[in-house]
Amino acid sequence: MKIFHTADWHLGKLVQGVYMTEDQHYILQQFMQAIDEEKPDVIVIAGDLYDRSMPPIEAVNLLNDILAEIILEKKIPVLAVAGNHDSAGRLNFGSSLMSDSGLHIKGQFTKDHAPIVLHDANGEVHFHLVPYAEPASVRTILDDDSIRSHQDAMEKIIDHIEQSMDTTKRNVFIGHAFVTKYGEEEANTSDSERPLSIGGSDCINAALFKSFNYTALGHLHKAHFVLNDTIRYAGSPLKYSLSEHLHEKGFLIVELDAQGDIAVTKRKLVPRRDLRVVEGLMDDLLKLSPSDDYVFVRLTDTTSVASPMERIRTVFPHAMHVERKALRQEIQHEIQAVETEKVEDIDLLRSFFKDIIGEQPDQDTELLFTEMLQELLDEERETVK
């Protein structure tokens, strides 16, 4: 079976005040061309279809047009899950009706799990769709008070799936989470991605996915494998922040053979405008050939430069940001100094209790505190930018 694995479309994304909808339309047309050329059996979208819970109408129309063409015209099924940027309820609406036409969207995690079963010449392939879900939600749905972290939640979800999983078939997991090699803390691959938790780790141990022939992940914007070749992030199809300017964007083509072994190739996508960094003296930059790329400019001038953005845009009309490199380095040093002295939220709570009450908070109080912080983060996710 040939699988197209993509993720993190973030339709409706705003970068430095610029809506990326036209760029997203451009890149998705390349994706559609690749579908015609490669003729995959199924398209997997591993979360964050939209960039916000209430996307602009242009983003909704774009997704509608793309899915309609894939499913109704090309007759290829699409399997998608909600990410942390999506509105779970919005994506879940009408999912049972749309499944009959080949669109299988899992917006909300439920206790009643059943895989989506597709067929190829070698038999059945079972796809397990697991949307992004907060540990508190999984704790309630599975009625398991031991679930406190993202690691706990995913462990219980997979245990729940494995209870009824047919191991004689080929099994593919589709999810949206922060998965690392051994569950250890790692830096995010993009500044444009939000943290998943407050007051605790949002990382999940890749070893949990050992039962699946392939694990298609979304959330991290850089394409890479975790632990082994069968656990992979497809990355985002476009660069959405300065931190991604060195990423090579695209999607993954996964070939699943009769024994469940995989072969993965990456197909690159070429953007309408690249997002890149340009560095140098103002006078030298003004002599460069004009470019329509989205550029972040770092001036190496040691003296003040008058009207830098206006002048830069005579060469780079779509420049997004201009800064002096020396000033940036000073700011970075200040940030590093602050980070070195930064106190975790839970430490602030303990210090407050010690100063006011004279003793440390008990475990239940600390748990309540972190859950309240998490609720605030959840509310922020549902707020329209």
- Message: Between Q16 and F296, is the side-chain contact (heavy atoms from CB on, under 4.5 Å) condition met? List the steps.
- Response: CA-CA 10 Å; Q16 295 291 123; F296 286 71; 3.7 Å; yes
Quick one: do the [X] and [Y] side chains pair a donor with an acceptor below 3.5 Å?
X    : Y    : value
H5   : Y214 : yes
T168 : D166 : yes
H318 : R273 : yes
S146 : R139 : no
D48  : H219 : no
E37  : Q33  : yes

- Message: Could you check whether F31 and F251 have their ring centres less than 6.0 Å apart?
- Response: yes
- Tell me, yes or no, whether the heavy-atom count around H25 atom NE2, taken from other residues, nucleotides or ligands under 6.0 Å, exceeds 12. no
- Item | Atom CD of E69 with >12 non-hydrogen neighbours under 6.0 angstrom | yes
Quick one: do [X] and [Y] make a salt bridge, cutoff under 4.0 Å?
X    : Y    : result
E124 : R170 : no
R272 : D23  : yes
K2   : D41  : no

- Query: So, for K156 and L142, which heavy atoms are closest and what is the spacing to 0.1 Å?
  - Reply: CB-CD1, 3.9 Å
- Note on the structure: In K222, K239, K249, the residue satisfying salt bridge (Lys or Arg N to Asp or Glu O under 4.0 Å) with E244 is K249
- Task: Before giving the answer on ring-ring contact (aromatic ring centres under 6.0 Å, His included), spell out for H85 and Y50 the whole-Å C-alpha distance, their side-chain angles and the decisive distance to 0.1 Å.
- Result: CA-CA 7 Å; H85 282 251; Y50 293 121; over 10 Å; no
- Task: Please report the C-alpha distance between D229 and R232 in whole Å, then the side-chain angles of each, then the deciding distance to 0.1 Å, and finally whether the side-chain contact (heavy atoms from CB on, under 4.5 Å) criterion is met.
- Result: CA-CA 7 Å; D229 285 346; R232 286 184 174 269; 3.4 Å; yes
